[in-house]
Amino acid sequence: MSTNAELSHIFNEMSKVLQLIGANPFRINAHANVARILKDMIVDVAELADDPAKLTAIDGIGAGSAKKIIEFVQTGKVKEYEELLDSIPRGLLDVMAIPGLGPKTVKLMWEKAGITSLATLKKKLNSGQLEKLPRMGAKTVANIKESLAFAAKASQRTRLGEAMILAEAIVEFLTMVKGANRVEYAGSLRRGLDTIGDIDILATTTNPAAISTAFRAMPGVQKVLAAGETKSSVRLESGVQVDLRVIDEQSFGAARMYFTGSKQHNVVLRERAIKKGLRLNEYGLFPDDGEHDEPPQKRGVKPVAAKTEQAIYAALDLVWVPPEVREDRGELDVRETPKLIELDDIKAELHAHTIASDGKMTIDELAHEAKARGFHTVAVTDHSRSSIQANGLSPKRLREHIDAVREANERIKGITILAGSEVDIHADGRLDYDDKLLAELDVVIASPHSALRQDAKAATRRLVTALSHPLVHVLGHPTGRLINKREGLHPDLNALIQAALEHDTALEINANYQRLDLRDIHVKAAVDAGALIAINTDAHTPDNFDFLRYGIVTARRGWLTPKQCINAWTKQKLHSWLRAKR
DNA sequence: GCCGTTTTCGGCCCGACTGTTTTCAGTCG
């Protein structure tokens with residue numbers, strides 16, 4: 001784990017313990033906020049720890065947090081963290097992770113029923129003791145049992161590519177319900193995060209009861225978690241939670257904004273509203289008319305804006321920004337809506353496999369699929385010899401393959417087929433073919449496939465070496481991570497970006513939803529530095545071309561514009577860039 | 001704990017649903 005990740009974990013746990021002991025909510029929030037900042041940071045925080053001013057210059061990190069960060073970098077420990085942990089039984093944090101069990105309940109169960117861990121909780125659940133506690137009844141205990149059973153088999157967050165398919169099916173299902181008007185997904189899915197905690201669906205309808213009932217009874221629902229007039233929650237058999245919000249047509253824009261988030265983006269928006277004498281909630285942007293028991297929409301107050309997102313941003317003197325950048329990472333400071341890359345901008349696929357290695361397509365099938373997608377160029381980039389498991393090509397087989405690609409390119413009209421390779425980067429940075437052979441290829445994608453647990457320094461050296469190789473065009477899936485399965489490498493991203501800039505090499509966003517590598521914050525850093533980005537699907541089958549949209553949203557989360565994306569270039573520009581390395 | 005183009009002190013975002021209660025605390029997003 002990197003220093004940033006370790007410190008993020010520490011601040012997160014501190015915020016959890018502070019909740020348990022009933023500390024000031026704003027202090028709790030400040031710790032959680034620092035954890036978030038550290039998690040999203042590209043720079044190794046250890047490099048800033050020589051001067052507290054460098055740390056406090058970061059919005060959200062104050063003197064207190066800076067001191068703790070420096071202490072950790074110097075000693076490997078944070079005294080206050082250890083003291084906080086010692087102040088409670090360690091197992092309590094596990095108990096608090098159970099859905100439905102918050103700090104107040106856990107504290108109560110600890111002090112009044114001696115529950116200190118998941119093990120003691122399980123023991124006491126059937127004792128009848130818990131029901132006797134204040135505000136605890138049979139139903140609550142039953143819910144805890146159910147949550148506990150679910151938590152035991154619950155997996156991680158759902159990957160974007162799986163959540164998206166699921167959400168689209170639900171949207172389609174609900175659209176068919178009588179009275180349904182607009183149905184769409186919001187939340188982290190609309191923002192295009194690489195993994196999704198739960199799926200948020202918004203609907204406008206002339207018949208709220210019908211759509212809510214249909215939602216709670218739809219195929220695949222395992223348990224109804226909440227069933228209100230405007231909000232329903234279900235858990236699917238796959239373990240994914242889905243929330244439905246029934247929205248009034250007049251406040252659809254406010255609801256979209258609110259339920260799209262991010263939470264931090266929303267907090268900043270609401271703070272801006274207050275400074276303007278307004279207040280923002282999921283029903284609209286209202287004039288602040290002082291203290292009342294009821295919120296403005298219930299008192300018939302006319303909103304300043306509510307129907308569209310655009311109107312609300314405008315009323316706050318902000319420009320509308322795409323959902324993918326709503327992370328409080330500078331998007332509220334822009335003067336005009338950024339022209340981020342879109343699916344239709346992509347005109348070339350530069351990383352794809354055929355039956356020569358581990359793909360399922362022939363060269364012809366690959367070419368026809370790429371042509372059908374409207375591309376001017378496709379590169380055949382099968383695995384190199386060291387990728388035994390993927391049937392990587394020996395130099396002899398690669399030369400034959402190059403000939404086959406050249407022949408297909410002559411024969412098939414309407415698309416340019418390039419001969420390439422996805423070359424393994426060895427642990428020391430050497431490539432899997434000699435330079436003479438590499439020079440015969442039109443496109444070289446260099447990717448790490450093995451030694452994916454090497455330390456950060458070695459990984460950085462390895463990838464910088466590959467990026468600096470004069471015959472390499474693109475660094476493929478730079479970290480080698482597999483979401484929810486494998487962490488991959490932790491190279492110094494800034495070093496990679498500098499090498500990419502210096503040698504005019506592109507960094508890949510691998511659009512396969514299991515990879516999405518580079519990830520969003522890496523893309524943002526690369527884009528800010530002016531590096532070139534490739535978005536490739538790494539297609540092994542025709543269907544895999546559909547992964548492109550996941551790469552696009554990841555790119556958009558990193559503020560990528562078409563100009564900086566080599567796959568969006570014209571044929572002439574792309575080919576001349578490729579040839580410049582030959 | 002963090003922050004300040006009104007502030008170095010005094011603020012800090014908002015609402016739905018559940019379960020256990022007779023009016024609301026706790027949890028969640």
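In what follows, chains are A, B, ... by sequence order, proteins preceding strands, each numbered from 1.
Checked against A/Glu327 for a side-chain hydrogen bond (donor to acceptor under 3.5 Å, both in side chains), the options A/Lys524, A/Arg557, A/His265, A/Gln264 give a single hit: A/Arg557. When A/Asp194, A/Asn510, A/Asp517 are each tested for a side-chain hydrogen bond (donor to acceptor under 3.5 Å, both in side chains) with A/Arg481, only one passes: A/Asp194.
Rounded to a whole angstrom, the distance from the C1' atom of B/dC13 to that of B/dC2 is 16 Å. Between B/dG10 and B/dG15, the distance separating the two P atoms is 27 Å to the nearest Å. Comparing B/dT23 with B/dC17, their C1' atoms sit 16 Å apart, to the nearest whole Å. Comparing the P positions of B/dT21 and B/dC14 gives a spacing of 31 Å, expressed to the nearest Å. B/dT7 and B/dG11 have their C1' atoms separated by 9 Å, with the value rounded to a whole Å. Atom C1' of B/dG1 sits at a distance of 24 Å from the matching atom of B/dT5, rounded to the whole Å. With C1' as the reference atom, B/dT20 and B/dT27 are 14 Å apart, rounded to whole Å.
When only modelled atom types and interatomic distance are considered, A/Asp520 and A/Thr554 share no side-chain donor-acceptor pair under 3.5 Å.
Counting non-hydrogen atoms under 4.0 angstrom, A/Leu269 reaches nothing in the nucleic acid.
Pairing for B/dG10 goes to B/dC3, judged as Watson-Crick or G-U wobble with the two contacts each under 3.5 Å.
Side chains of A/Asn281 and A/Phe286 form a contact here, defined as non-hydrogen atoms less than 4.5 Å apart.
Between A/Val73 and A/Ala46, the closest heavy-atom pair is CG2-CA, 3.9 Å. Contact detail for A/Ser232 and A/Ser212: the closest heavy-atom pair is OG-CB, 4.1 Å.
Because its NZ or CZ atom is not both nearer than 6.0 Å to the ring centre of A/Phe259 and within 45° of the ring axis, A/Arg245 does not count as a cation-pi partner of that residue.
Between A/Asn266 and B/dC13 there is no side-chain polar atom (N or O) within less than 4.0 angstrom of OP1 or OP2.
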Study note, to complete from the structure: With B for base contact, S for sugar-phosphate-only contact and - for none (protein heavy atoms under 4.0 Å), nucleotides 16-29 of chain B reads SSSBB---BBSSSB

Study note, to complete from the structure: Once base and sugar-phosphate atoms are separated, protein heavy atoms under 4.0 Å mark nucleotides 1-9 of chain B, 5' to 3', with B, S and - as BSS------

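Taking 90° from 0 as the syn/anti boundary, the base of B/dT5 is oriented anti.
Across the protein-nucleic acid pair, A/Glu271 atom CD and B/dG11 atom C1' stand 11 Å apart, rounded to whole Å.
For the side chain to side chain contact (heavy atoms under 4.5 Å, CB included) test, residues two or more places apart in sequence or in another chain that qualify with A/Leu108 are A/Lys112, A/Leu133, A/Pro134, A/Met136.
At least one donor-acceptor pair closer than 3.5 Å links the side chain of A/Arg326 to the backbone N or O of A/Val321.
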